[in-house]
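Presented below is the structure to which this report refers.
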Amino acid sequence: QVQLAESGGGLVQAGGSLRLSCAASGLIFTNYGMAWFRQAPGKEREFVAGINRSGGSTNYANSVQGRFTISRDNAKNTVYLQMNSLKPEDTAVYYCGARGSIGIPTRSASYNYWGQGTQVTVSS
């Protein structure tokens, strides 16, 4: 069965950094574009960052541009999200998604598989 396992969430002070990991199994990792979404209480799931199959193309939400970096290591079947200069408004559950089609869409419905999520809390 396909599994996406997020890790690395936690509590961090504003201005701090955190690195999330998503380890994929049960799929041919190089055939899937990957993305990070987040969901805060009372809000819709929001696109954060995406990366194509080879890692040569990335997209970022305006709210995280310049602060977050998505990357992937296809030899390790893992996608990462390096989060710097964290703000309280970054607080959310962060989810890893996989997409078996070309493109990096920002709609959550475009992704085929999801991890269970990892909580990120940024204090003031």
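Starting from 1, each residue takes its place in the sequence as its number.
In this structure, W36 is a member of the same hydrophobic cluster as V2, with clusters built from ILVMFWY side-chain heavy atoms closer than 4.5 Å.
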| Would S63 and E46 satisfy side chain to side chain contact (heavy atoms under 4.5 Å, CB included), going step by step from the backbone distance to the final call? | CA-CA 11 Å; S63 59; E46 172 191 33; 4.1 Å; yes
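A distance-only check finds a donor-acceptor pair linking the side chain of N52 to the backbone of S57 [under 3.5 Å].
Within the 4.5 Å cutoff, side-chain heavy atoms of L20 are placed close to those of V120. Between V79 and I70, the closest side-chain pair of non-hydrogen atoms falls below 4.5 Å.
Annotation: side-chain contact (heavy atoms from CB on, under 4.5 Å) contacts of V12 (sequence neighbours excluded): L86, V122. Remark: Q119 pairs with T121 by the side-chain hydrogen bond (donor to acceptor under 3.5 Å, both in side chains) rule, at least two apart or across chains.
Among residue pairs with one or both ends in residues 51-65, none qualify as salt bridge (Lys or Arg N to Asp or Glu O under 4.0 Å); sequence neighbours excluded. Sorted by first and then second residue, the salt bridge (Lys or Arg N to Asp or Glu O under 4.0 Å) pairs involving residues 76-99 (not counting sequence neighbours) are R38-D90, R67-D90. Applying the side-chain hydrogen bond (donor to acceptor under 3.5 Å, both in side chains) test to pairs two or more places apart or on separate chains, those with a residue in residues 2-20 are E6-Q116, S17-N84.
Note that CG of L27 and CG of N77 are 7.5 Å apart. Values are rounded to the nearest 0.5 Å. The structure places OG1 of T69 at 4.5 Å from OH of Y60, a figure rounded to the nearest 0.5 Å.
Other members of the hydrophobic cluster containing Y95, listed by chain and number, are F37, F47, V93, I104, Y111, W114; membership follows side-chain contacts under 4.5 Å among ILVMFWY residues, whether direct or relayed.
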